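This structure is a prediction, so every number in the text was calculated from the model and none was measured. In what follows, chains are A, B, ... by sequence order, proteins preceding strands, each numbered from 1.
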Amino acid sequence: DGGITQSPKYLFRKEGQNVTLSCEQNLNHDAMYWYRQDPGQGLRLIYYSQIVNDFQKGDIAEGYSVSREKKESFPLTVTSAQKNPTAFYLCASRTHPLAGSYNEQFFGPGTRLTVL
Amino acid sequence: EDQVTQSPEALRLQEGESSSLNCSYTVSGLRGLFWYRQDPGKGPEFLFTLYSAGEEKEKERLKATLTKKESFLHITAPKPEDSATYLCAVQARGFNKFYFGSGTKLNVKP
């Protein structure tokens, strides 16, 4: 089954802790994205990566970090510097941005992070 | 500034009562407009991609249309299982970023 998996589904964090959210895809997609979704708001882009070992900040990157060591994996770390991390986090992927066609993003099931 | 606005924020319909959802956008050269369905607590599910004004796409009871300034998602004779939040997103030419609206929450009553 091809798709995007995110783990864990629910995550609880204490104040001052760093936590890492996992995102794995077996779609052979080149580009991967992390979004944050808050109630009543659209998805906001945190980071995106077009190829392995390269990534760019999105609109709300402060307090977050990512790595892209493998094509299949794009983990997101929520650091203690993120002041309001409670949200629903979504990972997405798509084929190579320069593939010559306008390719939609496909999303994982999400991780709900709650700060205690 | 690239922007996406969806209306209404919420829509309540009776089963069988057709209606439309709106997605207005301002973007510096549209590369694609995307519609997604999102159920509570789940990731968005891809529905349609529209590339140019005048284009239409259909899937079951849903039909998406596109003009130079907005897109509509028409729902014909909806059923309770169509209840969900519908998200619209746009991608500008030359960029790999997508801009999302805040969604329309559709509730279809039996």
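Under a cut-off of 6.0 angstrom, the local environment of CD in B:Glu15 is crowded, with over 12 non-hydrogen atoms contributed by other residues, nucleotides or ligands. A 6.0 Å sphere centred on NZ of B:Lys57 holds more than 12 heavy atoms belonging to other residues, nucleotides or ligands. Atom CZ of B:Arg61 is surrounded by more than 12 heavy atoms from other residues, nucleotides or ligands within 6.0 Å. A 6.0 Å sphere centred on CD of A:Glu69 holds no more than 12 heavy atoms belonging to other residues, nucleotides or ligands.
Counting heavy-atom pairs closer than 4.5 Å to chain B, the top residue among A:Gln41, A:Arg44, A:Gln105, A:Gln6 is A:Gln105. Annotation: maximal heavy-atom pairing with chain A below 4.5 Å, among B:Glu9, B:Gln38, B:Gln6, B:Lys105, occurs at B:Gln38. Note: B:Pro44 leads B:Cys88, B:Ser102, B:Pro44, B:Gly43 in heavy-atom pairs under 4.5 Å with chain A.
Closest approach of A:Phe88 to B:Lys42, counting heavy atoms only: CE2-O, 3.6 Å.
Of the atoms belonging to A:Leu43, heavy atoms from both backbone and side chain fall under 4.5 Å from chain B.
Clustering ILVMFWY residues whenever any of their side-chain heavy atoms sit less than 4.5 angstrom apart, transitively, puts A:Trp34 in the very cluster that holds A:Leu11.
Aromatic ring centroids of A:Tyr33 and B:Phe98 lie under 6.0 Å apart.
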